[in-house]
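To keep things clear, I will list the structure first and then write my remarks on it.
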Amino acid sequence: MATAWSDMIAGLASWRLWVRLGWNDILQRYRRSILGPFWLTASMAIMIVALGILYAGLFNTPVEDFLPFLCVGLLVWNLVASFLTEGGTLFTGSESYIKQIRLPYSVYVYRSTWSKLVIFFHNFIIYFAVLLYFQIWPGTVGLLAIPGLVIVVINGALASLCIGIISARFRDVPPLISSIVQIVFFVTPIFWKPELLKGREYVTDFNPFFHLLEIVRAPLLGSVPSAKSYWPYCSLP
């Protein structure tokens with residue numbers, strides 16, 4: 001534990017390095033692109049509008065109620081899913097750095113987390129556009145999304161670290177994680193509301209990903225999350 005804490009502190013002290021590396025990852029991905037990371041924002045905005053209108057009609061739900069729910073749910077889910085699906089390459093993708101220079105291993109965790117947060121806040125523009133279009137505002141309760149996002153990021157970074165360590169030894173883990181994430185996506189209330197379960201609330205009660213989404217989504221939609229959505233994440237690993 002002492003070694004782990006020392007590595008984490010040394011990694012934080014090297015914040016200029018991992019901020020630059022994380023930003024460079026984004027630049028490399030969208031080099032010579034006019035919109036850069038905003039291509040992700042544009043594609044997600046189109047998907048949210050198209051699916052929001054479609055599923056609102058299928059579930060017989062007002063668009064002004066369903067589309068903000070879908071918007072926030074997809075934004076947070078993409079952040080959570082990126083931690084899981086990209087965790088497998090956390091260390092294997094940085095093999096050249098690890099072999100050439102001795103750095104705290106936590107630098108690679110911070111680097112990955114930082115780049116994911118940058119993309120998340122790029123996409124967050126869609127949320128403000130939805131608020132303006134439907135003329136809604138969450139009020140001061142929306143500030144509860146800040147500690148919720150902190151919990152999401154910390155849990156995501158820890159999960160990414162664990163997956164990265166295991167994947168460095170067992171290369172079959174990343175495809176397995178990707179398959180599990182796809183299944184979890186459909187059983188988590190993102191495209192559908194929890195109220196539709198009608199007697200099968202255990203699907204959400206025992207789904208940690210639902211609670212992880214809810215502590216960010218509910219405040220951004222103007223509601224206070226249930227206490228049971230917080231307690232599983234009050235004691236981090």
Side-chain angles (χ1 to χ4, degrees), residues 3-48 71-72 74-129 145-146 148-171 173-178 181 212 216 236:
T3 304
W5 277 110
S6 176
D7 189 278
M8 290 176 61
I9 294 172
L12 281 175
S14 304
W15 66 269
R16 291 182 180 86
L17 175 61
W18 51 261
V19 165
R20 183 57 188 169
L21 287 174
W23 185 251
N24 187 63
D25 289 340
I26 298 174
L27 294 179
Q28 290 292 332
R29 186 183 303 179
Y30 298 99
R31 173 173 288 184
R32 297 184 180 181
S33 171
I34 297 176
L35 293 181
F38 287 102
W39 274 115
L40 286 176
T41 305
S43 62
M44 180 170 289
I46 294 172
M47 182 175 68
I48 288 173
C71 172
V72 180
L74 278 178
L75 290 177
V76 181
W77 171 257
N78 279 353
L79 176 63
V80 173
S82 65
F83 277 112
L84 301 176
T85 57
E86 297 177 18
T89 59
L90 185 66
F91 296 116
T92 57
S94 303
E95 182 179 0
S96 58
Y97 290 103
I98 295 174
K99 288 184 175 180
Q100 293 181 34
I101 184 171
R102 184 175 180 82
L103 293 171
Y105 291 109
S106 59
V107 164
Y108 305 108
V109 181
Y110 297 137
R111 167 194 181 182
S112 175
T113 302
W114 167 247
S115 63
K116 290 174 176 55
L117 278 175
V118 170
I119 293 175
F120 172 77
F121 285 116
H122 272 164
N123 294 339
F124 206 69
I125 297 173
I126 305 173
Y127 167 71
F128 290 112
I146 297 176
L149 181 61
V150 171
I151 293 175
V152 169
V153 170
I154 292 176
N155 279 274
L158 291 174
S160 182
L161 174 61
C162 293
I163 295 172
I165 293 174
I166 298 173
S167 299
R169 175 62 180 84
F170 304 101
R171 300 303 174 90
V173 171
L176 175 63
I177 295 295
S178 297
V181 168
L212 203 58
V216 179
L236 297 174

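Heads up: numbering here begins at 1 and tracks the sequence. Hydrogens, waters and symmetry mates are skipped; everything else that's a heavy atom, side chains included, is used.
Side chain of Ser178 to main chain of Pro174: a donor-acceptor pair is present (N/O by atom type, distance under 3.5 Å, no hydrogens or angles). Ser112 places no side-chain N or O within 3.5 Å of a backbone atom of Tyr108 that could act as its donor or acceptor partner. Without hydrogens or angle criteria, Trp18 side chain to Gly11 main chain gives a donor-acceptor distance under 3.5 Å. Checked by atom type and distance alone, the side chain of Ser82 pairs as donor or acceptor with a backbone atom of Leu79 at under 3.5 Å. The closest donor-acceptor contact from the side chain of Tyr110 to the backbone of Met8 lies under 3.5 Å.
The neighbour count for Phe91 CZ, taken as heavy atoms of other residues, nucleotides or ligands under 6.0 Å away, is above 12. By the neighbour-count criterion of 12 heavy atoms within 6.0 Å, atom CH2 of Trp77 is densely surrounded, having more than that number from other residues, nucleotides or ligands.
From Leu176, atom CG reaches atom CD1 of Ile166 across 10.0 Å, with rounding to the nearest 0.5 Å. Taking OG of Ser167 as the reference point, atom CZ of Arg169 lies at 12.0 Å (rounded to 0.5 Å). Atom CE of Met44 sits about 3.5 Å away from atom CG of Asn78, to the nearest 0.5 Å. Interatomic distance, Ile154 CD1 to Phe83 CZ, rounded to the nearest 0.5 Å: 10.0 Å. In this structure, Glu86 CD and Thr113 OG1 are separated by 10.5 Å, a value rounded to the nearest 0.5 Å. Taking CD1 of Ile26 as the start and CD1 of Ile119 as the end, the distance is 4.5 Å to the nearest 0.5 Å.
Qualifying side chain to side chain contact (heavy atoms under 4.5 Å, CB included) partners for Pro104, counting only residues two or more places apart in sequence or in other chains: Asp7, Ala10, Ser106, Val107. Evaluation of the side chain to side chain contact (heavy atoms under 4.5 Å, CB included) rule for Phe121 yields Leu117, Leu149 as partners, not counting sequence neighbours.
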Trace of the side-chain hydrogen bond (donor to acceptor under 3.5 Å, both in side chains) decision for Thr92 with Arg171: CA-CA 10 Å; Thr92 57; Arg171 300 303 174 90; 5.4 Å; no
Working note: Ser160 + Lys116, criterion side-chain contact (heavy atoms from CB on, under 4.5 Å); need CA distance, chi angles, decisive distance, verdict. CA-CA 12 Å; Ser160 182; Lys116 290 174 176 55; 5.5 Å; no
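Annotation for Leu161 and Leu90: closest pair CA-CD2, 3.8 Å, computed over non-hydrogen atoms. Here the shortest heavy-atom pairing between Thr41 and Asn123 reads OG1-OD1, 2.9 Å. Nearest heavy atoms, Cys71 versus Ile126: SG-CG2, 3.9 Å. The nearest pair of heavy atoms linking Ser115 to Gly22 is CB-O, 3.6 Å. Across Leu84 and Ala159, no two heavy atoms sit closer than the pair CD2-CB, 4.0 Å. Across Val152 and Leu212, no two heavy atoms sit closer than the pair CG2-O, 3.6 Å.
Between Tyr127 and Phe124, the angle of the ring planes lies from 30° to 60°, which puts this pair in the tilted group.
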